[in-house]
Amino acid sequence: MKQKKLLPTDAGTERNSGIEAIKVMAILIIIINHTFQTFESGSQYTAGQDYVLKLTTATTSIQQIICTILRYGGSLGNNIFFVCSAWFLLDSKRADKKKWISMFSDIWFISLFILGAASMSGSCRLSTKIVIKSLFPVTMENNWYMTCYLLFYPIHPALNSIIDRMEQKQLLRVTIVLLVLYAGISYVIHRKLFMSWLVLWITLYFTIAYMKKYLKESSEKRLFNVLLIVTGLLGNTGMVLITNFLGLRVELLHDKLLYWNVNNSPFLIMTAVGMLNSGRKAGGKNYLINRLSGLSMLIYLFHENLIIRTCYRPQWVDFVYQICGQNYLMGGVILALVISTASAAVSFVYEKTVQKPVHDAAWKMYTYVAKAYQKLETVLLSFR
């Protein structure tokens, strides 16, 4: 049976277009975030740096504040994708090896393909560091979400087993402790308590598990989810505005507007959970939305490829700046929409032409490696 192609998501077979629409929205706001990230960072691959917009700095410009808030869309989009994944994975009894290998092969092939295309075209001066990272995209965490998912996916059945053995009170206590540690303390004081994105995902996984098992009625209520979304969005925006207000007056906070732009933001987590529940409630089936959502992993891999984001996207941003000038908001959103459309088109072509042979070759390679390992394992087990 043909596998579904998407940013790591569900273990089921039926697609709820309400949830799929939320994921389409998530990939769009992630691309908008990445576009403004390029506006912010500058690049050695552009002749000038006039387009650079310092979104970390306190400002009186409403446009700049809006652009800063849009930068938070990446963390929100990441959380949306993961909580949607968690919702379905909680019903999964095992990890599918073919799904894991197919995902790994897509990551590797796309990275290698773009490396080859860029090298042959000569349009980008590739450093040794970029070449090495492109050859090992998973190990080098070129796309952190994908590496983290490849680590998380194989352990989710074990997490499900642990969750299933817990009583409600136990699960509640574990969930509260994890949220306080990693969406509370580590949100205020970054990277403390051995915080990592894998630890955060386990925290969110237990949170979604408790909601799915014991908050069924509340999570179905429209008012509950509206409150989650509104509180989350207002809370996140409020943190940015307060930091900006203080940053104009306190030197220590002058460049901290993006300090709260982290995946473990309690406000962005609340928003993502509310959107998941709203999508579930909406239900329905829409072929176009489902197809776009099914391409989301590929869209992510193409548009946020290391060489694309390092070499080419700064050039596109500079080009847009030459046309739109300091109307950063309009220029950034237009460019993000163009990138989204182009990435979707390239992903569709890849899916229809190259993806199946890539998956087949990866699976064949895996079978050879697995047989060799089994022989080694037999030898190791024989030692006493």
Side-chain angles (χ1 to χ4, degrees), residues 26 28-44 46 48-80 144 179-193 195-197 200 228-272 274 304 309-310 313-314 317-318 320-321 324-336:
L28 179 58
I29 63 176
I30 286 173
I31 294 175
I32 291 174
N33 156 67
H34 287 152
T35 303
F36 281 105
Q37 185 178 43
T38 302
F39 268 107
E40 175 196 348
S41 59
S43 173
Q44 61 176 317
T46 54
Q49 302 293 307
D50 294 339
Y51 65 85
V52 173
L53 180 64
K54 292 299 182 183
L55 299 179
T56 60
T57 307
T59 179
T60 57
S61 168
I62 295 177
Q63 176 183 231
Q64 191 166 329
I65 291 174
I66 294 174
C67 292
T68 299
I69 292 172
L70 289 175
R71 278 281 281 111
Y72 281 72
S75 297
L76 174 58
N78 294 333
N79 285 331
I80 290 172
W144 74 265
L179 285 172
V180 169
L181 292 178
Y182 298 111
I185 296 173
S186 290
Y187 169 66
V188 177
I189 310 173
H190 292 179
R191 296 291 181 178
K192 298 302 179 184
L193 302 171
M195 168 66 179
S196 71
W197 301 139
L200 173 65
L228 280 178
I229 294 170
V230 172
T231 302
L233 291 176
L234 290 180
N236 185 71
T237 302
M239 295 300 290
V240 176
L241 295 179
I242 291 170
T243 304
N244 185 72
F245 176 81
L246 295 175
L248 291 172
R249 293 158 177 80
V250 180
E251 183 63 28
L252 182 65
L253 301 176
H254 185 64
D255 60 347
K256 296 296 188 293
L257 257 62
L258 289 175
Y259 182 82
W260 311 108
N261 185 23
V262 286
N263 294 316
N264 58 325
S265 164
F267 300 112
L268 298 181
I269 292 171
M270 289 170 62
T271 305
E304 188 60 4
R309 71 172 182 254
T310 302
R313 199 160 68 212
V317 164
D318 189 38
V320 168
Y321 176 79
C324 298
Q326 294 188 350
N327 194 338
Y328 294 101
L329 185 58
M330 182 181 73
V333 171
I334 290 175
L335 179 58

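- Using modelled atom types, no side-chain atom of Asn263 and backbone atom of Asn79 make a donor-acceptor pair closer than 3.5 Å.
- Atom CD1 of Ile269 is separated from atom OG of Ser265 by 6.5 Å, given to the nearest 0.5 angstrom.
- Residues in residues 48-61 take part in no salt bridge (Lys or Arg N to Asp or Glu O under 4.0 Å) pair, two or more places apart or across chains.
- In this view, Glu40 and Arg71 satisfy the salt bridge (charged side-chain N to carboxylate O under 4.0 Å, His left out) rule, not counting sequence neighbours.
- Here the CG-OG1 distance, from Leu248 to Thr57, works out to 10.5 Å after rounding to the nearest 0.5 Å.
- For the atom pair OG1 (Thr60) and CD1 (Ile65), the distance works out to 8.0 Å, reported to the nearest 0.5 Å.
- Within the structure, every pair that satisfies the side chain to side chain donor-acceptor pair (under 3.5 Å) test and touches residues 242-254, not counting sequence neighbours, is listed here: Thr243-Trp260.
- A search for ring pair (Phe, Tyr, Trp, His ring centres under 6.0 Å) contacts involving Phe36 returns Phe39, not counting sequence neighbours.
- Residues meeting the side-chain hydrogen bond (donor to acceptor under 3.5 Å, both in side chains) test with Ser75, sequence neighbours left out: Asn261.
- A donor-acceptor pair is defined here as one N or O able to donate and one able to accept, closer than 3.5 Å; no such pair exists between the side chain of Thr38 and the backbone of Pro314.
- For Tyr259, the ring pair (Phe, Tyr, Trp, His ring centres under 6.0 Å) test picks out His190, with sequence neighbours left out.
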If you look only at distance, which donor and acceptor atoms sit under 3.5 Å apart when one is on a side chain in residues 230-239 and the other is two or more places apart or in another chain?
residue, atom, partner, partner atom, Å
Thr231, OG1, Leu227, O, 2.6
Thr237, OG1, Leu233, O, 2.8

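- Note that CG of Asn327 and CD1 of Ile334 are 8.0 Å apart. Values are rounded to the nearest 0.5 Å.
- The two atoms that bring Asn33 and Gly73 nearest to each other are CB-C, 4.2 Å, heavy atoms only.
- In terms of the side chain to side chain contact (heavy atoms under 4.5 Å, CB included) criterion, residue partners of Pro266 (sequence neighbours excluded) are, by chain and number, Tyr187.
- If you take CD1 on Ile242 and CG on Leu253, they are separated by 11.5 Å, rounding to the nearest 0.5 Å.
- Looking at Thr68, its side chain does come within 3.5 Å of a backbone N or O of Leu55 through a donor-acceptor pair.
- The salt bridge (Lys or Arg N to Asp or Glu O under 4.0 Å) contacts involving residues 238-247 comprise nothing, where partners must be two or more places apart or lie in separate chains.
- Under the side-chain hydrogen bond (donor to acceptor under 3.5 Å, both in side chains) criterion, Asn264 pairs with no residue at all, not counting sequence neighbours.
- The shortest non-hydrogen separation linking Leu193 to Ile185 is CD1-CG2, 3.9 Å.
- Applying the side chain to side chain contact (heavy atoms under 4.5 Å, CB included) criterion to Gln49, with sequence neighbours excluded, gives Thr46, Tyr51, Val52.
- His34 pairs by the ring pair (Phe, Tyr, Trp, His ring centres under 6.0 Å) definition with His303, not counting sequence neighbours.
- A donor-acceptor pair is defined here as one N or O able to donate and one able to accept, closer than 3.5 Å; such a pair exists between the side chain of Gln63 and the backbone of Tyr328.
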Inset, instruction - Test side-chain contact (heavy atoms from CB on, under 4.5 Å) on Arg313 and Glu304 and set out the steps. - result: CA-CA 9 Å; Arg313 199 160 68 212; Glu304 188 60 4; 2.9 Å; yes

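- Note: Leu70 CG to Thr35 OG1 = 10.0 Å, rounded to the nearest 0.5 Å.
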